[in-house]
> 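The structure's right below; bear with me while I get my questions together.
Quick caveat, the model's predicted, so the values are computed rather than measured.
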Amino acid sequence: MSILQNVKDLVRSRSIHVSYVDVGSCNGCDIEVLACLAPRYDIEQYGIYVHNNPREADVLLVVGAFTPGWEEKLKGLWNKIPEPKAAIAIGNCPISGCVFDRRGSYVDPPVAKHIPIAAEVPGCPPRPTEILQAILSIRDSVFAEWEVKRK
Amino acid sequence: MKRTVDVNIPLGPVHPCFKEPVRLKCETRGERVIGVEVELGYMKKGIERIMKGRPWQEVMFLAERVCGICSVIHNMVFIEAIERISGIDVPKRAAFLRVIANELDRMQSHLLANFSYCYTIEHETLAMYLLDVRELVMDELERLTGARVTCAYIIPGGVRCDIRAEDQATLRISLDRIESDLHRYAKMFETGPMIALRSKGIGILTQESARRSHAVGPTARGSGINVDMRTLHPTYQQLGFVPVVRKDCDNHARIMVRFDELFASIRIIRQCLDTLQKGIIRGGGICKAGEIRYSGEAPRGELTYTIKTDEFGRITDIQIQTPSIMNIEACCHEMIVGVDSIADVTSTFVSADPCIACTER
Amino acid sequence: MSGWLYEQDLMVQKYHILIATRHDRILRTIASDVGIGVQELRKTLIERLDMILLENLPARYEAAIAADQKGDDLVALALGRYIFSTGIPLVRESRMDEILRTTKERLDRGTPRPEAIAAGKALIREAILQ
Ligand code: SF4
């Protein structure tokens with residue numbers, strides 16, 4: 001492996017930009033993602049920056065069961081994120097639809113049908129520490145040696 | 001209606017300032033915003049449709065998931081509506097425990113709302129302070145109910161678990177700490193000159209227009225309307241609750257109402273702990289058929305459940321009117337119209353504490 | 001109005017809002033009140049109002065009724081003045097005042113009350129549908 005690749009890996013592992021998108025949740029998972037920002041969990045000490053701009057994001061956190069309003073939009077959003085990228089499903093909602101996946105509801109889970117999901121964090125809602133751990137654990141498998149793997 | 005506009009500026013659905021997807025289409029003339037159209041539909045899950053025909057044991061958990069930020073009050077209003085229909089009594093101790101859980105939930109919700117506002121006007125220091133205090137409140141909520149969010153603490157005829165003597169002691173210590181911290185932060189907000197520039201006199205919601213769009217909660221109380229459903233609740237009446245009202249009608253007033261309510265909540269919890277009697281925490285009863293319209297005060301305002309049940313305790317008809325519906329409407333059609341620049345649109349929108357998840361259900 | 005960058009057809013979403021229990025009840029009350037078909041009223045509402053207003057329909061309706069009852073104008077109460085002009089903004093306020101004036105003139109000229117009110121309602125219907 002070249003030195004350049006090593007440098008790239010090192011830099012990437014300490015600079016992950018996160019964007020989150022809510023595709024029809026109950027807000028429970030939403031605020032747990034937000035709680036990661038709190039000084040107690042301090043997401044920035046791992047070099048993770050949360051801001052809601054898909055165009056400069058590396059990791060997309062998907063929250064919520066899939067509602068019809070996102071039918072055309074989520075794909076477009078996913079395409080706007082530059083490579084290398086990964087999506088993490090937070091909570092039961094994007095995984096199975098949680099309590100909403102019943103007859104008569106409008107949702108259409110799982111989200112994996114619509115965009116590729118790299119990791120899933122079950123829970124209703126998961127704790128902030130679990131969300132943090134998920135982001136950190138996909139860091140190496142997705143971003144390290146990305147150029148090598150792509151070839 | 002056709003109007004001359006210079007530029008149409010759509011904000012959202014994914015926007016750095018909005019926590020939830022909503023699309024605001026602002027019509028501007030120069031820098032001034034002359035009209036806003038709201039586009040929802042990104043969160044429509046159809047909870048009411050799922051609820052119909054299910055027993056209350058299931059609907060109870062669904063009701064909690066209408067909104068994750070204020071889950072305790074949804075739980076409480078739904079369960080109390082069921083209790084009113086079936087004539088179930090609540091033990092004294094349980095009634096006070098409910099109030100404690102509810103006020104802790106209100107505190108974390110208000111802290112989150114004020115955090116979002118400070119974050120939106122780019123005062124990150126204060127925002128992070130508030131988020132840190134919120135974690136203390138979440139700890140207490142978890143110690144009391146067993147979960148951070150969606151705790152299903154309140155059940156018909158009482159509450160799920162008791163509070164131990166040592167937990168009461170820690171709760172009191174935490175409250176002291178939260179109060180002393182909050183005093184500092186509230187003062188920072190109230191007297192900060194930069195904050196005043198961004199929030200005083202911006203996003204005016206006059207009393208009359210608040211009435212017209214039926215604004216509720218801190219949004220209405222910031223405009224001098226004295227509405228608070230807690231004054232009608234028997235347990236709060238025992239505690240001698242008085243609502244907080246401010247008359248400035250702008251963003252600053254709304255945030256300060258929330259700060260004041262935080263202190264009021266701390267007082268209420270202390271009062272509850274003082275008056276807590278020994279006794280059972282769960283009575284009994286049978287859920288019966290009936291129809292009721294019951295309201296409670298959520299952190300964002302008046303929350304109304306219209307419920308119809310049959311004799312097996314199944315929900316045959318339900319409609320939830322959440323406070324955010326009225327507040328977002330008041331915000332978008334009255335407050336934002338006339339603000340001086342697009343930069344104020346986001347902060348004004350956030351000052352009404354919008355929650356899209358419960359708006360669309 | 002200039003065009004938007006990307007636009008979604010919101011018809012279905014708006015319809016989903018209107019078929020909720022309380023919305024439906026209020027819609028039917030209004031429809032039978034002014035004598036418009038339910039589907040036709042739905043279509044008008046969907047075309048004229050934005051989504052948050054549709055969600056807020058029951059609350060606004062109640063606030064408007066309260067405002068109507070507070071005033072002592074019986075004709076305005078019977079016609080539902082605030083309901084159609086400020087509560088559910090389907091009729092422009094100036095037009096509503098005009099209708100109110102015509103109805104009152106009719107009453108002064110000695111037309112029986114039910115007849116005059118019915119004529120006023122017909123005017124409102126026209127204003128809504130135009
Ligand atoms: S997983 Fe649970 S807490 Fe999270 S959004 Fe879904 S229902 Fe809400």
Side-chain angles (χ1 to χ4, degrees), chain A residues 19-42 44 50-57 60 63-71 73-74 76-77 80 91-93 97-109 123-128, chain B residues 12-23 39-54 58 61-62 64-71 74 108-109 112 115-116 119 124 127-136 138-139 142 147-150 355-358 360-361:
Chain A
S19 156
Y20 56 87
V21 56
D22 190 336
V23 289
S25 74
C26 80
N27 259 348
C29 292
D30 233 22
I31 53 170
E32 293 297 68
V33 172
L34 216 62
C36 292
L37 289 173
R40 172 175 304 178
Y41 302 106
D42 196 10
E44 300 201 349
V50 178
H51 49 67
N52 234 358
N53 189 351
R55 280 186 208 271
E56 41 181 319
L60 181 72
V63 179
F66 195 85
T67 51
W70 285 97
E71 210 68 72
K73 300 224 164 90
L74 190 63
L77 198 93
K80 281 191 187 107
N92 285 351
C93 273
C98 201
V99 290
F100 304 124
D101 189 14
R102 304 285 169 92
R103 192 158 39 83
S105 81
Y106 300 125
V107 300
D108 178 28
C124 185
R127 299 182 75 81
Chain B
V14 181
H15 186 277
C17 287
F18 300 163
K19 305 285 169 277
E20 296 154 88
V22 64
R23 193 149 172 246
E39 182 184 315
L40 302 169
Y42 298 101
M43 303 277 270
K44 190 96 186 164
K45 304 178 288 285
I47 289 191
E48 284 150 352
R49 286 163 56 109
I50 314 175
M51 282 175 172
K52 272 180 208 161
R54 288 182 189 277
E58 278 184 49
F61 295 104
L62 276 166
E64 234 183 4
R65 281 160 182 78
V66 171
C67 176
I69 306 180
C70 41
S71 57
H74 277 274
Q108 62 92 3
S109 171
L112 191 77
F115 152 80
S116 322
Y119 206 68
E124 260 200 68
M128 284 303 157
Y129 282 158
L130 291 175
L131 207 54
D132 202 24
V133 175
R134 179 171 175 268
E135 283 305 313
L136 285 177
M138 292 302 266
D139 281 350
E142 185 173 4
R148 284 166 61 93
V149 190
T150 56
C355 170
I356 313 296
C358 60
E360 302 201 53
R361 304 176 304 280

> Please find the pair of heavy atoms, one from A35(A) and one from R134(B), that lie closest to each other, and give the distance.
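Minimum heavy-atom separation between A35(A) and R134(B): CB-NH1, 4.1 Å.
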> Give, as side chain, backbone, both or neither, the part of F115(B) having an atom under 4.5 angstrom from any heavy atom of chain A.
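Contact with chain A is through the side chain of F115(B) alone.
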> So for E142(B), is it side chain, backbone, both, or neither that comes closer than 4.5 Å to the heavy atoms of chain A?
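When you check distances to chain A, only side chain atoms of E142(B) fall under 4.5 Å.
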> Below 4.5 Å from any heavy atom of chain A, which atoms of R148(B) appear? Answer side chain, backbone, both or neither.
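Looking at R148(B), just its side chain touches chain A.
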> Is chain B contacted by the side chain of D30(A), its backbone, both, or neither, given a heavy-atom distance below 4.5 Å?
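Answer is side chain: those atoms of D30(A) sit under 4.5 Å from chain B.
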> Residues in ring pair (Phe, Tyr, Trp, His ring centres under 6.0 Å) with Y106(A), at least two apart?
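Testing Y106(A) for ring pair (Phe, Tyr, Trp, His ring centres under 6.0 Å), a comparison that skips the adjacent residues, returns H16(C).
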> Kindly compute the distance separating CE (M138(B)) from CZ (R40(A)), expressed to the nearest 0.5 Å.
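Going from CE on M138(B) over to CZ on R40(A), the span is 10.0 Å.
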> Tell me, out of G28(A), A38(A), C29(A), who's got the most heavy-atom pairs with chain B below 4.5 Å.
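Counting heavy-atom pairs under 4.5 Å, the top option is A38(A).
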> For the OG1 atom of T67(A) and the NZ atom of K45(B), what is their distance to the nearest 0.5 Å?
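One gets 8.0 Å once the value is rounded to the nearest 0.5 Å.
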> With a 6.0 Å cut-off (strictly less than), is the heavy-atom count around OH of Y129(B), excluding the residue itself, greater than 12?
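Count not over threshold, so no.
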> Out of curiosity, I356(B) CD1 to S25(A) OG, how far, rounded to the nearest 0.5 Å?
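Going from the CD1 atom of I356(B) to the OG atom of S25(A) covers 11.0 Å.
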> What option among V33(A), V107(A), I31(A) has the most heavy-atom pairs under 4.5 Å with chain B?
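Most heavy-atom pairs within the cutoff with chain B belong to I31(A).
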> Whether the side chain of R65(B) engages the backbone of C26(A) through a donor-acceptor N/O pair (distance < 3.5 Å, no angle test) should be reported.
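No.
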> Would you mind checking which part of Y41(A) comes under 4.5 Å of any heavy atom in chain B, side chain (CB onward), backbone (N, CA, C, O), both or neither?
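Side chain only.
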> Which heavy atom in Y42(B) sits nearest to a heavy atom in W70(A), and how many Å separate them?
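That would be O-NE1, 3.2 Å.
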> Can you give me the closest heavy-atom contact between N27(A) and A357(B), atom names plus distance?
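Scanning both residues completely, I find the closest heavy atoms to be ND2-CB, 3.7 Å.
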> Might you point out which heavy atoms bring L131(B) and L34(A) nearest each other, and give the distance in Å?
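Taking L131(B) first and L34(A) second, the nearest heavy atoms are CD2-O, 3.8 Å.
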> Which one wins on heavy-atom pair count under 4.5 Å against chain B: V63(A), V50(A), V23(A), L37(A)?
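Result: the option with the highest number of such pairs is L37(A).
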> Sort E48(B) into side chain, backbone, both or neither according to what part of it lies under 4.5 angstrom from a heavy atom of chain A.
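Neither part, no heavy atoms under 4.5 Å.
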> If I compare all heavy atoms of V99(A) with all of I50(B), which pair ends up nearest, and what's the gap?
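Scanning both residues completely, I find the closest heavy atoms to be O-CD1, 4.3 Å.
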> Measuring only between side-chain heavy atoms, which start at C-beta, is T150(B) closer than 4.5 Å to P125(A)?
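Yes - at least one pair of side-chain heavy atoms lies under 4.5 Å apart.
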> Which bit of S71(B) comes within less than 4.5 Å of chain A, counting heavy atoms only: side chain, backbone, both or neither?
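No part of it gets close to chain A.
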> How long is the straight-line distance from CZ of R49(B) back to CZ of F100(A), given to the nearest 0.5 Å?
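Rounded to the nearest 0.5 Å, the CZ-CZ separation comes to 14.5 Å.
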> Go through the atoms of L112(B) and report whether side chain, backbone, both or neither lie under 4.5 Å from a heavy atom of chain A.
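The answer is the side chain of L112(B).
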